[in-house]
Amino acid sequence: MGEYVDRLVTVEMRNRGMNHGIIKQIYDAARAEGGGRPLSAQAAEALVNTVKPGDVVFIVTGAGYAPEVPNGESDGPPGAASLARAIYWGLKAIPVFVTEECHAPPVVASAKAAAVMVREFDLAKNRRMGGALITAPTDRNQTKAWAEQIVEEYQPKAVISIERLGPNDQGVVHGSTGVAKECVDLGHVFVEAKKRKILTVGIGDNGNEIGFGRIYDFMRDFHPYGRETQYPGGTGVITVIATDYFLPASVSNWGAYGIAAMIAFFLKNQDLIQTPEMERKILEACLDAGGWEMRYCTSRFIVDGTAGESSMSIVQLLRDMLRLNIAEPDRGLSHGKMKEQA
């Protein structure tokens, strides 16, 4: 199952004006570095084996800023919501979204559309009434201490990044085409998690997202902006933040859907991944809350240049793949008897 989930979520669909023709090579490098097994299966298996009922799981997301997209983009919050659904309903754990204040409205709206309500942490933790939300300080000088504090206070068993930008070797956060971003560095949360040996998972699509530090040297040489930026003196967009498990995808949301599908596979529960109809509601909720499509900075039904219907189709294919893989063996009426298994 993991083999074909990985194939599906890495099918590249990009305008040639953007970084293109790169996802297969990036995936191959990540898989080789990660030991050779399908990457979605590795990440999901680690989460299933590590996270127990009542545990806290941080889901870190949020990309895109004012003036272009003041509440962020439509790639990230829907993927975070899908993972939260699998974690909440499947693993019986407490998803806690970690993001910036500007990104909170699309994150909360996406989660609600995925049937994961965002409540006060006490209600989420002690009465299992949904997930919770933490927003970062706006002062970048406070982020490191804040990250240490929330990891100590919430004691997460896993920390997942989905389309969250990480710093390069100069400590600068970039867009994928070499534009510097004025934002807080949530990579500190992953640095702190690593110190405490907390499981970390990264999902990204272009080299600047948390997790790509796993294949930093490869990306520096391979990526169009691996060693340069759109301003003098920059050393490239590739983040130095690595995670224990890492899945590069064509669209980050799709990578999150793939891991959610694999969690559902291990738990043998198709309902843990959203339906195509729910996917439409999630995307529309994200867009309506200000998480716009990034290329043209509007609320069009688009994610990373792909039509919203393409994301719905990815979900449908994942659900059908899951349904067939967890079903009892059945040849139907026209194929004769099954061979005896050795």
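Heavy-atom basis, side chains included; hydrogens, waters and symmetry copies ignored. Quick caveat, the model's predicted, so the values are computed rather than measured. Starting from 1, each residue takes its place in the sequence as its number.
With respect to D122 and R127, no salt bridge is recorded, no charged nitrogen being found less than 4.0 Å from a carboxylate O. No salt bridge links E192 with K144; every basic N to acidic carboxylate O contact stays at or beyond 4.0 Å. R196 has no carboxylate O lying under 4.0 Å from a charged side-chain N of E148, or vice versa, which leaves the two without a salt bridge.
The closest side-chain heavy-atom distance from K112 to M117 is below 4.5 Å.
Distance CD1/I273 to CZ/R323: 14.0 Å, rounded to 0.5 Å.
Taking the ring centre of Y27 as origin, the terminal cationic atom of R7 falls outside the region bounded by 6.0 Å and 45° from the ring axis. With a 6.0 Å cutoff to the six-membered ring centre and a 45° limit on the axis angle, K92 does not count as a cation-pi contact of Y88.
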Would L186 and W146 count as a side chain to side chain contact (heavy atoms under 4.5 Å, CB included) if you check the C-alpha gap in whole Å, the side-chain angles of each, and the deciding distance to 0.1 Å? CA-CA 10 Å; L186 297 189; W146 166 82; 3.6 Å; yes
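Below 30°, between 30° and 60°, or above 60°: for F121 and Y154 the angle between ring planes is above 60°, a perpendicular geometry. Aromatic ring pairs are classed by plane angle as parallel below 30°, tilted from 30° to 60° and perpendicular above 60°; the pair Y225 and H223 is tilted.
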Could you list the donor-acceptor pairs under 3.5 angstrom formed by side chains in residues 46-62, with sequence neighbours left out?
from: N49; atom 1: ND2; to: E45; atom 2: O; distance (Å): 3.3
from: T50; atom 1: OG1; to: A46; atom 2: O; distance (Å): 2.7
from: K52; atom 1: NZ; to: N49; atom 2: O; distance (Å): 3.2
from: D55; atom 1: OD2; to: K52; atom 2: N; distance (Å): 2.7
from: T61; atom 1: OG1; to: I162; atom 2: O; distance (Å): 2.7

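Residues E209 and T239 bring no donor and acceptor atom of their side chains to less than 3.5 Å of each other. Checking S176 against N208 by side-chain atom types alone, no donor-acceptor pair falls below 3.5 Å.
Ring to ring, Y65 and H103 are close: their centroids are under 6.0 angstrom apart.
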